[in-house]
Structures are given as structure tokens and as C-alpha cells.
A.B. asks: 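Here's a structure for you.
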Amino acid sequence: MPEGPSIILLKEEVQQFKGKEVVAVSGNSKIEQSRLLNQKVISFKTWGKHFLICFKEFTLKVHLLLFGKYLINKKKEQAARLSIVFDNGELNLYSCSVKFLDGNINACYDWSADVMSDAWDPKKAIIKLKKTPAKFICDALLEQDIFAGVGNIIKNEVLYRVGVHPESKVGKIPVAKIKEIVKEARNYSFEFLEWKRNFVLRKHWLAHGQKMCLRCNLPFVRKYTGVKNRRSFFCINCQFLYK
DNA sequence: TATAATGTTTGAAC
DNA sequence: AGTTCAAACATTAT
């Protein structure tokens, strides 16, 4: 479900509730649900994979993790983690993490680290990468402090597009190539957004889940890589190993 | 039916 | 005290 672009779509879909007051709350979440009652939604925001419902005094942070789902004006049979009812509809959240953040939301997040944000700052990402030369690039791309919103699919697609082996060491990758990776992390995320919006994301995957490399027709390597030990799909012919 | 998968936090073990 | 790592959580298609 998640990855940054999917959360942007969620934000778009709930705009009907902006400015609306919460009239009922339920669900199996252990948070103090009553806090939400009678509160008016000031705005919806996202930071990477975080979906943020901002109220006057606090923000509700929703993270869909790996299996999270949401339904708008619809319900599943299973109990919701949190169901937020407005007078014009409801938002139902399932198998996700929900938490309150107190105070000004801007104090909680560095918006410039979010690849989907207008405030995204590629230069900062490059500086952060330079500080961790020993890290594998496959791990670095998943670091939310550097590339908030990038998940495993985006990681695989970006590395294939720029021709970099996932087990390359950050410090061994030429600066020009690092810049390309940073640029593509944002660029691909926006393509992901439009494809996902139109339900055609999957058919545009060039690496993730693929068996053969379309460029050279060699079989992909499928391997759990990095300290994070996440699935990587790559072509040893088209993706250079900087080590 | 067992397994694996778009993710993160936690707390024990070093 | 800082790092590392396995476990926990949760869902569903194959």
C-alpha cells in the first residue's frame, strides 16, 4: 500500500473532509480517540509515507506500514484501526499505526527530506549521502531521513534506471552518478504517482518483480540486499557495481 | 496451507 | 553508551 506517492493519492482523496468537524470516532486503536471528537480538520499533509491529519492543537499521524488500507465512505467487515466520521462521510483506516503528534507540525518534520514535497532539497540529500560512504546504496535509498517516501519498489526502479548495482557503496559512486540517483528518486516517484493514479503502475515496472532485463535480455538477479535485507531485482550487465 | 510482500518500532543482546 | 538484530505487528494473494 504505502510508498510516498500512494500517500499523496490518499491525501487527494480525503480533501472532501478538509475543514470538517469529526462527529464520531471508533476503532481498535489504543490512542485516546475522544481527543478527535468535535475537532475540525485544518489540513491534510504528508511527509514521506506519513499521512497527517492536522487539527488546531495536534496532528494525527497515520502510517500504513506494509499492509495498511483505507476506505472512504466504505467499510470492511473487519474492525477498523480507526474510523473517523464527518457529517459528509467517513475515513476508515485498517491495520496501520496511528499516533498523536503534539504542537506545531512543522517542528516535527523536515519537509525538505520528502521526495514528494515542494520543499524537497536534493542538495541536502547529497550532503547526507556523503556522510555515509560505507553504506550500500540500496540501504541509503530506503533511509527516510534522506529520501522520505522512497520504498522498496522505487528503490529497485531508480537503481535500474540509473544503472547502479544495489550493493554499490555510496562512497564509491561518482558524484555525478549520486546526483543522478537523487534526481531520479524524485522523478520516478512522480511517475509512480501518475501510474498509480491510473491503475497502471505495475505494468510500468522495469525491474521490480521482473525476471528478465528488457535492455539486454539477461535474467535479473533477485537477492535480499543490504543491512535492511530487502528484495532487490537487478541486472549485473546493466547495473554497475561501484565497490 | 505455507509463504512472502510496497514497512517500522522495540527491546534484548552484544 | 552505542550498535545490531531478531521479533513483533498486520493482511492477503499465490
Side-chain angles (χ1 to χ4, degrees), chain A residues 1-13 27-31 46-52 59-71 74-83 92-101 108-110 113-116 131-161 166 184-211 220-234:
Chain A
M1 189 72 244
E3 300 221 22
S6 303
I7 309 304
I8 297 285
L9 292 174
L10 165 54
K11 180 174 76 175
E12 291 177 4
E13 291 175 49
N28 57 24
S29 166
K30 288 175 191 151
I31 62 165
T46 67
W47 181 84
K49 302 163 189 171
H50 299 200
F51 172 56
L52 305 167
T59 291
L60 183 73
K61 176 183 91 177
V62 179
H63 199 306
L64 296 175
L65 300 172
L66 196 51
F67 309 127
K69 293 278 179 333
Y70 64 90
L71 287 174
K74 270 186 262 174
K75 272 189 169 131
K76 284 185 161 222
E77 284 194 19
Q78 91 190 90
R81 172 64 29 83
L82 199 63
S83 178
N92 295 306
L93 301 160
Y94 302 89
S95 53
C96 55
S97 152
V98 292
K99 269 184 183 167
F100 284 119
L101 299 175
C108 300
Y109 290 101
D110 174 5
D114 176 4
V115 297
M116 301 304 292
K131 286 182 183 163
T132 56
K135 206 170 248 190
F136 288 119
I137 190 63
C138 58
D139 285 327
L141 270 167
L142 293 172
E143 284 301 340
Q144 300 300 295
D145 290 342
I146 308 178
F147 298 102
V150 170
N152 206 38
I153 296 172
I154 296 175
K155 174 200 84 179
N156 281 322
E157 294 297 314
V158 167
L159 289 175
Y160 180 66
R161 285 178 164 212
E184 194 57 25
R186 176 169 167 93
N187 180 54
Y188 178 77
S189 294
F190 278 90
E191 290 192 22
F192 181 121
L193 171 63
E194 294 311 319
W195 286 329
K196 173 110 187 170
R197 188 198 302 286
N198 296 303
F199 310 102
V200 293
L201 175 64
R202 205 169 272 258
K203 76 175 187 187
H204 287 279
W205 287 346
L206 300 177
H208 192 81
Q210 301 307 302
K211 291 195 166 68
F220 264 116
V221 174
R222 176 188 177 143
K223 183 183 176 188
Y224 288 83
T225 61
V227 171
K228 293 182 185 293
N229 203 32
R230 302 293 304 276
R231 294 201 298 175
S232 285
F233 299 85
F234 56 97

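Residue numbers start from 1 in every chain, and the chains themselves are labelled A, B, ... in the order their sequence lines are given, proteins ahead of strands.
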A.B. asks: Provide, to the nearest angstrom, the distance between the NZ atom belonging to A/K99 and the P atom belonging to C/dC9.
C.D. replies: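 In whole Å, C/dC9 P and A/K99 NZ are 15 Å from each other.
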A.B. asks: Determine, stepwise, if the pair A/Y160 / A/F220 fulfils ring pair (Phe, Tyr, Trp, His ring centres under 6.0 Å).
C.D. replies: CA-CA 11 Å; A/Y160 180 66; A/F220 264 116; 5.5 Å; yes
A.B. asks: In Watson-Crick or G-U wobble terms, both distances under 3.5 Å, what is the partner of C/dT4?
C.D. replies: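 With both distances under 3.5 Å, C/dT4 matches B/dA12.
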A.B. asks: Where the side chain of A/P2 is concerned, which of B/dA5, B/dT8, B/dT6 is the nearest nucleotide?
C.D. replies: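 Among B/dA5, B/dT8, B/dT6, the one nearest the side chain of A/P2 is B/dT6.
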A.B. asks: Report yes if a side-chain nitrogen or oxygen of A/R231 is closer than 4.0 Å to either non-bridging phosphate oxygen (OP1 or OP2) of B/dT6; otherwise report no.
C.D. replies: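 Indeed, a polar side-chain atom of A/R231 lies that close.
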A.B. asks: Using the P atoms only, state how far B/dG11 lies from C/dA10, rounded to an integer number of Å.
C.D. replies: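 Looking at atom P only, C/dA10 and B/dG11 are 16 Å apart.
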A.B. asks: Can you tell me the pairing partner of C/dT14 across any strand shown, Watson-Crick or G-U wobble, with both distances under 3.5 angstrom?
C.D. replies: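 Here C/dT14 is engaged in a pair, and the nucleotide opposite it is B/dA2.
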A.B. asks: Which whole number of Å gives the distance between the P atom of B/dT9 and that of C/dT12?
C.D. replies: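 Looking at atom P only, B/dT9 and C/dT12 are 22 Å apart.
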A.B. asks: So if I take every side-chain heavy atom of A/L66 and compare against B/dT10, B/dT6, C/dT11, which nucleotide ends up nearest?
C.D. replies: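 Selected nucleotide: B/dT6.
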A.B. asks: Just to be sure I understand the rule, does A/K228 reach a base, reach only the sugar-phosphate, or reach nothing, if contact means heavy atoms closer than 4.0 Å?
C.D. replies: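 The answer is nothing, as A/K228 stays clear of every strand by at least 4.0 Å.
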A.B. asks: Between P on C/dA10 and CZ on A/R81, what's the gap in Å once rounded to a whole number?
C.D. replies: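 Whole-Å distance recorded here is 6 Å.
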A.B. asks: For B/dA5, take OP1 and OP2 only and decide whether either is under 4.0 Å from a side-chain N or O of A/R230.
C.D. replies: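 No, A/R230 has no side-chain N/O under 4.0 Å of OP1/OP2 on B/dA5.
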A.B. asks: Distance check needed: B/dG7 P versus A/W47 CH2, whole Å only.
C.D. replies: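 So the two atoms are 14 Å apart, to the nearest Å.
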A.B. asks: Between atom CZ in A/F51 and atom P in B/dG7, what is the gap in whole Å?
C.D. replies: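 One finds 19 Å between P of B/dG7 and CZ of A/F51, rounded.
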A.B. asks: Rounding to the closest angstrom, what is the interatomic distance between B/dT3 and C/dA7 at atom P?
C.D. replies: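 Approximately 15 Å lies between the P atom of B/dT3 and that of C/dA7.
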A.B. asks: Within less than 4.0 Å of OP1 or OP2 of C/dT12, is there a side-chain N or O belonging to A/K76?
C.D. replies: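 True: A/K76 side-chain N/O within range (under 4.0 Å) of C/dT12 OP1/OP2.
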A.B. asks: Hey, are A/K196 and A/E3 close enough for a salt bridge, meaning a charged N less than 4.0 Å from a carboxylate O?
C.D. replies: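 No salt bridge links A/K196 with A/E3.
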A.B. asks: Calculate the interatomic distance between A/F67 atom CZ and B/dT3 atom C1'; express it in whole Å.
C.D. replies: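 The distance from CZ of A/F67 to C1' of B/dT3 comes to 11 Å, rounded to the nearest Å.
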A.B. asks: Report the distance from atom NZ of A/K61 to atom C1' of B/dG7, rounded to the nearest whole Å.
C.D. replies: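 Roughly 12 Å, once rounded to whole Å.
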A.B. asks: Look at the rings of A/F233 and A/H208 and say which category their plane angle falls in: under 30° parallel, 30 to 60° tilted, over 60° perpendicular.
C.D. replies: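 It falls in the perpendicular class, over 60°.
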A.B. asks: Does B/dA5 have OP1 or OP2 under 4.0 Å away from a side-chain N or O of A/R222?
C.D. replies: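 Checking B/dA5 against A/R222, a side-chain N or O does come within under 4.0 Å of OP1 or OP2.
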A.B. asks: Could you tell me the separation between the CG atom of A/N156 and the P atom of B/dG7, rounded to a whole number of Å?
C.D. replies: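 From A/N156 CG to B/dG7 P: 10 Å.
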A.B. asks: Would you kindly say whether A/K49 and A/S6 are connected by a side-chain donor-acceptor distance under 3.5 Å?
C.D. replies: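 The answer is no; no qualifying pair exists.
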A.B. asks: Using the side chain to side chain contact (heavy atoms under 4.5 Å, CB included) rule, take A/F234 and A/T225 through it: C-alpha gap first, then chi angles, then the decisive distance, then the call.
C.D. replies: CA-CA 11 Å; A/F234 56 97; A/T225 61; 4.3 Å; yes
A.B. asks: Please check if the number of heavy atoms outside A/R202 that lie under 6.0 Å from its CZ is greater than 12.
C.D. replies: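 Atom CZ in A/R202 is not crowded, with 12 or fewer foreign heavy atoms closer than 6.0 Å.
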A.B. asks: Report the distance from atom CZ of A/F147 to atom C1' of B/dT6, rounded to the nearest whole Å.
C.D. replies: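 Those two atoms, CZ and C1', are 18 Å apart.
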A.B. asks: Any side-chain N or O of A/K69 less than 4.0 Å from the OP1 or OP2 oxygen of C/dT11?
C.D. replies: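 Answer is no, no contact under 4.0 Å.
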A.B. asks: Closest to the A/H63 side chain: B/dA4, B/dT8, B/dT6?
C.D. replies: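 So the side chain of A/H63 is nearest to B/dT8.
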